[in-house]
Structures are given as C-alpha cells and as structure tokens.
Amino acid sequence: MKSKLPLFVVLALLMVSCTKRKSVEEDGMVKFYVAPATNSDDPEIRMAYGLNIVPPWPDGGSVFVNLPEHLEYMPGTRGIARHHDKRPNVWHVSMDSAESNYSVESLTEPGVFFSVIAKADHQRAMFEFSITNRSKDTLHSIRPLLCYQYNTLHGFPVRLSDNFAHTFILINGKPVAVSGLPVKNPDALARMAQVKDCADKHNWWAEKMGGFIEQPIDAAFTILTAAHDDRKVIVHWTPGKNLLSNTFIPCIHADPCIGNLAPGETRTVHGELIFTRDSLDRIISELGGI
C-alpha cells in the first residue's frame, strides 16, 4: 500500500519550496535548488535525481529536471536508475545556488557508477553526465531519459494544451513544430523522433502508442516557446539520440546517445538548458546550425 503525506506536510513542503525559489531569483541568473518533496516516501512522488532550475526571468517559476528519470540498458530495458530509487535526493547544491552535482553507484547494477555536474552560466545551465562501468558485463544500448518538466515554468503551455505547437526540433537545419509532423496516432499524448546520427534506436514506446515521427532529426535540440511572448527554453545534449515531448506531464527531452559500455569504460556526454528571447533563426545561427 502506498504511503500518503498528510495535507499539512505537503503544504509545508510547498511553502519551503516557494520560499527557496524566490530567494534564488534575485540576480537575474540561472540558479539551482532541491525541493523537499522530492524525498517523499511515495514512489509516485519521489524524485531521487530531481533538480529545480530557476530561469533568469523575474517571477519565471522553475523547470524541474529528472536527471535521470530513467537510466536503462538492453536487452529488456534493465534499470540502472529510476526516478523512484529508494535513496535521498542525491544533489548537492552550492551556497550561491550556481552549481550542483552528485556521484552515486547504481542500486540495481553493482559496479555501475554515474555522476552529473551542473553549472550556471548566465542564462544557461550546463551539464556534464558521466557513466562508468566497473562491473564484469558489457552494458548494451544504454538509454538515458532526462526529463525537463515545465508545468511550473510560468507563461508556457499548460498540460494537455497546444504543447506540440510550441515544441520545435531541427530538420535539415530549420526549426519545425512537432505538431506539424505526421504520426500514426494524432491523439498520442507523446511524440518522439530519432537523431539521424545515432545508431542506437529503441523507440518502441513511442512506436507502440503511435507517436513516433518517422522523419529523422538533425540533433538532440528541442525548443519550447512561451504561450504568449517571445521567451524560449532550449534543451540540447551531444552526442544526441532523440526528441521526446509529452503533453500529459508536460515535459520535453533532447536525450543523449551513449551506446554500449564495456567493463572498465567511462562515457561522458554534455548538455545545456538555455533560457532566451532570441528568434529561432538567430538561435540556430549562433549555435552553428548544430
């Protein structure tokens, strides 16, 4: 039976979370913090690898990232890490809220270690994700799902609205709205697309629900636009594997391509979360077309 937090405890946690968020919005730079609710005893609520990221905009709310939401490998999508892992939230945030990091061993795969370093760089959050295999077995087709939830980001599309119309990906160097790309089931709550240069696919989840976009994309580069103004949030990981956008949560992904990891090997990938008001064309031009 799942345990439930008393209402007064939930309200207290929310008040602490809001107070912390306001305290890191003062200097117009990206900041990090951990919300107490991520340590819930309820596995549906617990986010062991969850980090809140405050944008540089006044009263902008926050983005909540599960880094990772899932970390798995094949065959059989075996779990290295899950957001509901039974451990206290792993992130260590610096006193100025400008840096955060963690380094842990998998609870389910002994000898497999993973770590993340997050640093604020003005209007960006920069990430370095590393995984090391000290077990005796090769980990095949490692798939990280790094979930950026924007339901608490003020002024952006709300759950089950026009989320896909505000989500853009790169195809042949041009930004294309996810809503305009064909899928087998137009009512599917999630859309997914594969980066053309990543040989490691495993997109069966989106294919099963009918939300897979057959057109390959240029890079793991996902843009979310605000509902009524020119603000934008960009997620980018390299090397990249896929786009994932889920209107139910709602969230966006631009997950990295990791592949196989033999015993003794370490793989490191890099990502960023960008907050900007620049035009889509200027964004792409400045980043060299990705």
Side-chain angles (χ1 to χ4, degrees), residues 48-51 65-85 87 90-91 101-118 126-148 169-171 190-209 211-222 235-246 251-273 290:
Y49 311 101
L51 181 68
V65 56
N66 271 319
L67 212 167
E69 176 184 21
H70 299 297
L71 181 61
E72 54 200 24
Y73 70 101
M74 297 296 173
T77 59
R78 298 181 63 179
I80 299 169
R82 306 290 191 194
H83 71 80
H84 50 71
D85 279 351
R87 67 189 342 160
V90 297
W91 288 97
N101 68 84
Y102 75 82
S103 181
V104 296
E105 182 178 8
S106 169
L107 296 179
T108 53
E109 295 292 334
V112 178
F113 296 80
F114 55 100
S115 63
V116 184
I117 299 171
M126 311 296 292
F127 303 100
E128 181 179 281
F129 179 95
S130 296
I131 179 169
T132 298
N133 182 9
R134 295 177 187 160
S135 74
K136 59 181 177 60
D137 301 316
T138 295
L139 306 177
H140 295 278
S141 300
I142 296 173
R143 186 176 72 153
L145 280 81
L146 313 180
C147 181
Y148 295 78
I169 51 181
L170 290 186
I171 297 179
R191 300 283 188 274
M192 197 169 191
Q194 176 75 20
V195 173
K196 61 184 180 181
D197 293 332
C198 181
D200 203 353
K201 296 182 169 46
H202 301 294
N203 299 311
W204 56 268
W205 181 76
E207 291 167 349
K208 182 178 180 180
M209 72 164 51
F212 184 67
I213 298 167
E214 297 290 343
Q215 173 70 52
I217 59 178
D218 296 356
F221 185 85
T222 303
V235 179
H236 173 223
W237 280 85
T238 183
K241 182 194 179 299
N242 60 266
L243 150 86
L244 173 59
S245 177
N246 187 326
C251 68
I252 53 174
H253 293 232
D255 294 325
C257 187
I258 292 180
N260 300 339
L261 198 64
E265 284 189 330
T266 295
R267 189 78 31 82
T268 298
V269 292
H270 294 88
E272 56 186 339
L273 175 65
I290 304 297

Determine whether [X] and [Y] make a side-chain contact, defined as any pair of heavy atoms from C-beta on separated by less than 4.5 Å.
X	Y	answer
L243	I217	yes
C198	N242	no
N66	Y148	no
L244	I252	no
F113	N133	no
T238	F221	no
L67	W91	yes
V269	I258	yes

Under a 3.5 Å cutoff, is there a donor and acceptor pairing between the side chains of [X] and [Y]?
X	Y	result
D137	S135	no
K241	N203	yes
E109	Y73	yes
S115	S103	no

Counting N and O atoms only, with roles assigned by atom type, does the side chain of [X] sit under 3.5 Å from a partner on the main chain of [Y], one being a donor and the other an acceptor?
X	Y	value
D255	L146	yes
R267	G259	no
N101	V116	no
T222	I169	no
R143	H202	yes
H270	E128	no
E105	G111	yes

Practice problem: Kindly compute the distance separating CD1 (I117) from OG1 (T268), expressed to the nearest 0.5 Å. | Solution: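 OG1 of T268 is found 9.0 Å from CD1 of I117.
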Practice problem: Drop me the distance from L261's CG to T138's OG1, to the nearest 0.5 angstrom. | Solution: 8.0 Å
Practice problem: Under the side-chain contact (heavy atoms from CB on, under 4.5 Å) rule, what do L139 and I80 come out as? Steps first, then yes or no, please. | Solution: CA-CA 10 Å; L139 306 177; I80 299 169; 4.2 Å; yes
Practice problem: Would you check, one step at a time, whether the test side chain to side chain donor-acceptor pair (under 3.5 Å) holds for T266 with T132? | Solution: CA-CA 4 Å; T266 295; T132 298; 2.8 Å; yes
Practice problem: Run the numbers on V112 and I131 for side-chain contact (heavy atoms from CB on, under 4.5 Å), then give the verdict. | Solution: CA-CA 7 Å; V112 178; I131 179 169; 4.0 Å; yes
Quiz item: Is K196 atom NZ crowded by more than 12 heavy atoms from other residues, nucleotides or ligands, each under 6.0 Å away?
Solution: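 Atom NZ in K196 is packed in, count exceeds 12.
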Practice problem: Please work out whether the ring planes of H70 and H84 are parallel, tilted or perpendicular, with thresholds of 30° and 60°. | Solution: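 Geometry flag for H84 against H70: perpendicular rings.
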Quiz item: Run the side-chain contact (heavy atoms from CB on, under 4.5 Å) check on R191 and I213 step by step: do they pass?
Solution: CA-CA 7 Å; R191 300 283 188 274; I213 298 167; 4.2 Å; yes
Quiz item: Is the shortest distance from a Lys or Arg side-chain nitrogen in E72 or R82 to a carboxylate oxygen in the other one below 4.0 Å?
Solution: yes
Practice problem: With side-chain contact (heavy atoms from CB on, under 4.5 Å) as the test, would you mind laying out the steps for H253 and E69 before giving the verdict? | Solution: CA-CA 11 Å; H253 293 232; E69 176 184 21; 3.7 Å; yes
Which pair of non-hydrogen atoms, one from [X] and one from [Y], has the smallest distance, and what is that distance?
X	Y	value
Y102	P68	OH-CD, 3.4 Å
A193	F212	CA-CE1, 4.1 Å
W204	M74	NE1-CE, 4.2 Å
Y49	H83	CD1-CA, 4.3 Å

Practice problem: Give a yes/no on whether the SG-to-SG distance for C251 versus C147 is below 2.5 Å. | Solution: no
